[in-house]
Every structure is written in C-alpha cells, then in structure tokens.
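Have a look at the structure below before the remarks.
We use all heavy atoms of the structure for the numbers below, so side chains are in, but hydrogens, waters and symmetry mates are not. Note that the structure is a prediction, hence the values are computed from the model and not measured.
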Amino acid sequence: MTLLKLEFYKCRRRNIVLICAAILAVQFIWMTAYFSRQDAEDLKWGWMLLLYNLSTVDAIILPLSVATLASRNCELEHKGSTWKLLETMATPGQLYTAKLVWGALVLAVLLIIRSVLFLGVGIAQGFQGAIPWGRLGLFTLLSWAVSMMVYALQQGLSLRFANQAAALVCGIAGSFLGILSMLFPPALVRCVPWGYYGLLSLVFMDWNKATRVTRFYWRGLPATDVALLLLWMAVFLIAGRALFVKKEV
C-alpha cells in the first residue's frame, strides 16, 4: 500500500489527469460527431450502435493512450536514475506490482467515467428502449480487461527500456493494428493483442447486400476468446516482471 501511495504521489505532476481528460475528449468529440450525422432510422439502434462504434474507437485510441500512461508512470525513475535507490527499500517484484496496480486503478476510473459520459450521450440522443445496464457494465469491464492486457505489455517495455520511444512506437503500432485487425478473420485477430477490443465486442453488424439494410444484434461472449485474453495477459505479466526483476540497475 505504501508503494502504491508513492506511485500516485510521484505522478501528481505527470499530467495524468490531463492525459485522461484528453482521451475522454477525443472519444466524446468522435462519437458526438458520428451521431450528429445519423438519421432517425440509424438512431433506432441506439445503444447497440453506441457500443459497436465504441469498440472501434477503443481499438484506435486506447492502445496509444495506454502506452502513454504506462510511459508517464515509468519514465521518471529512468530519468532520475532512482531504480537502485528504490530497490534498497523494496524488491523489484514489489515495485512492478505497485506500478501495475496504479495502472489498473487509473484505467478503471477512466473507463467508468467514460461509461457515465456516454450513458449521458445516449439519454441526450433519446435512444429507444431501456438502458442496457448489464451490457454497459460488461462492456466497461471488457474494455478494462483488454486495456490491462495492453498495459502489462507497455509497462514491461517502459520498464525495460530507458528510452520511452520503444514503448510509444509499440503503442502507435498497436493503434494501427487494432483497427486493421477488424478486417482480419477471427482466427488471425486472436493473434493480435490489440485486436481484442473488436474481437470481444458485444454487438455485431449484419449488412444485407441485396436489400442494403444494416442490422445490429447482441451476441454472447465467447469463453474461448476470454480465455485467450487472460492467456495474453498472463504472458505479458510474467515476461514483463521477469525482465524487470533480472534487470541490472
């Protein structure tokens, strides 16, 4: 707990709140601009349309956003050359865990606020039907889980390399692959960590070529894909922790 408090204390001037506000602002502007171009026929899908497009926006924005948060949290020790000093007070494994928990809490707060924000957007737009509280909650949980998987990867890179360009380039590549993977067959998407934002979407779209009518529908959550997500997360956590623990400071 002391190490976690120290992480928040160290990050108080790292513009973390500003970064999170920028993430929310970009998503809000993107989605409100999208809904402003839809007609009444499109908006009848309401909540499904919201969650479907949020999955796409997440695949584009969150990989780089997560990389930025991880980098901002880890680069301070590199700049100040304080790893050796810190490791006189705590083990490398404890330091790794404290930073990971910090990231988990920041992402949880960010995504909860995001869900409340878009709940307000849906109500303001007058979406038809009852609010799908369960689906909104599950969507938030899945976004957090995928983001934590990506965060585990990015934290490992940010801790391993003093030059944060390596981690940020990975984040940029992740944003590109995240949206590109939506064009891949599911079997290939499962091999792309950033593709899980779209792979675990709760809403699918069906476009009828003959009638040119688009239909959205809820879908169940594949247990296999959830298991693969957890496997990816475990791999990144174990590998990142092992590399950091063995790193000479």
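Q128 places no side-chain N or O within donor-acceptor distance of the main-chain N or O of G46, the cut-off being under 3.5 Å. Remark: side-chain polar atoms of N73 are not paired, donor with acceptor, to backbone N or O of L69 under 3.5 angstrom. Judged by distance alone, with hydrogens and angles left aside, the side-chain atoms of S158 form no donor-acceptor pair with the main-chain N or O of C74 at under 3.5 Å. When atom types are taken as modelled, the side chain of Q94 and the backbone of T91 share a donor-acceptor pair closer than 3.5 angstrom. At distances below 3.5 Å, not a single donor-acceptor pair connects side-chain atoms of R135 with backbone N or O atoms of P132. With hydrogens and angles disregarded, a donor-acceptor distance shorter than 3.5 Å links the side chain of S55 to the backbone of L51.
Hydrophobic clustering (side-chain heavy atoms under 4.5 Å, transitive across Ile, Leu, Val, Met, Phe, Trp, Tyr) groups I113 together with L110. Hydrophobic clustering places V66 together with V109 (ILVMFWY residues linked when any side-chain heavy atoms are closer than 4.5 Å, directly or through intermediates). Under a hydrophobic-cluster definition in which Ile, Leu, Val, Met, Phe, Trp and Tyr are linked whenever side-chain heavy atoms come within less than 4.5 Å, directly or via other members, W133 and F118 are assigned to the same cluster. With hydrophobic clusters built from ILVMFWY side chains whose heavy atoms lie under 4.5 angstrom apart, Y96 shares a cluster with L105.
Between the side chains of Y196 and S181, no donor-acceptor pair of N or O atoms lies under 3.5 Å.
Taken from CZ in F8 to CZ in R14, the straight-line distance is 15.0 Å, to the nearest 0.5 Å. To the nearest 0.5 Å, atom CG of residue L221 and atom CG of residue L142 are 5.5 Å apart. T32 contributes atom OG1, which lies 10.0 Å from atom CZ of R37 (distance to the nearest 0.5 angstrom). S201 OG to F139 CZ: the interatomic distance, rounded to the nearest 0.5 Å, is 7.0 Å. Atom-to-atom distance recorded for L199:CG and M182:CE is 9.5 Å, nearest 0.5 angstrom. In this structure, SG on C170 lies 5.0 Å from CG on L157, to the nearest 0.5 angstrom.
Between S143 and L111, the shortest heavy-atom contact is C-CD1, 3.7 Å. Across K10 and L76, no two heavy atoms sit closer than the pair O-CD2, 4.0 Å. Nearest heavy-atom pair, W47 versus I123, reported as atom, atom and distance to 0.1 Å: CH2-N, 4.0 Å. Across Q155 and A70, no two heavy atoms sit closer than the pair N-CB, 4.0 Å. Smallest separation of non-hydrogen atoms from A90 and L3: CB-CD1, 3.8 Å. Closest heavy-atom contact between F161 and A166: CD1-CB, 4.1 Å.
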| said: Using side-chain contact (heavy atoms from CB on, under 4.5 Å), reason through L62 and Q27 one step at a time and then give a plain yes or no. | reply: CA-CA 10 Å; L62 287 185; Q27 289 201 342; 4.2 Å; yes
| request: Show your reasoning for whether side-chain contact (heavy atoms from CB on, under 4.5 Å) applies to L180 and L183. | output: CA-CA 6 Å; L180 186 64; L183 303 176; 4.2 Å; yes
| query | Going through the distances and angles, do W30 and I60 end up as a side-chain contact (heavy atoms from CB on, under 4.5 Å)? | reply | CA-CA 11 Å; W30 187 315; I60 299 171; 3.4 Å; yes
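Applying side-chain contact (heavy atoms from CB on, under 4.5 Å) to Y151 and the options V146, V106, L100, L237 leaves one that passes, L100. When each of L6, I16, L107 is paired with W102, the side-chain contact (heavy atoms from CB on, under 4.5 Å) condition holds for I16 and for no other.
In this structure, R241 is not positioned above the aromatic face of F244 in the sense of NZ or CZ being under 6.0 Å from the six-membered ring centre and within 45° of the axis.
Proximity of the aromatic rings of F35 and F127 is defined here by a centroid distance below 6.0 angstrom, and this criterion is met. Here F236 and W232 bring their ring centres to under 6.0 angstrom of each other.
Note on ring orientation: taking the six-membered ring where Trp is involved, the planes of Y217 and F204 are perpendicular (angle over 60°, cut-offs 30° and 60°).
Side-chain contacts under 4.5 Å among hydrophobic residues (ILVMFWY), followed directly or transitively, place L64 together with I172.
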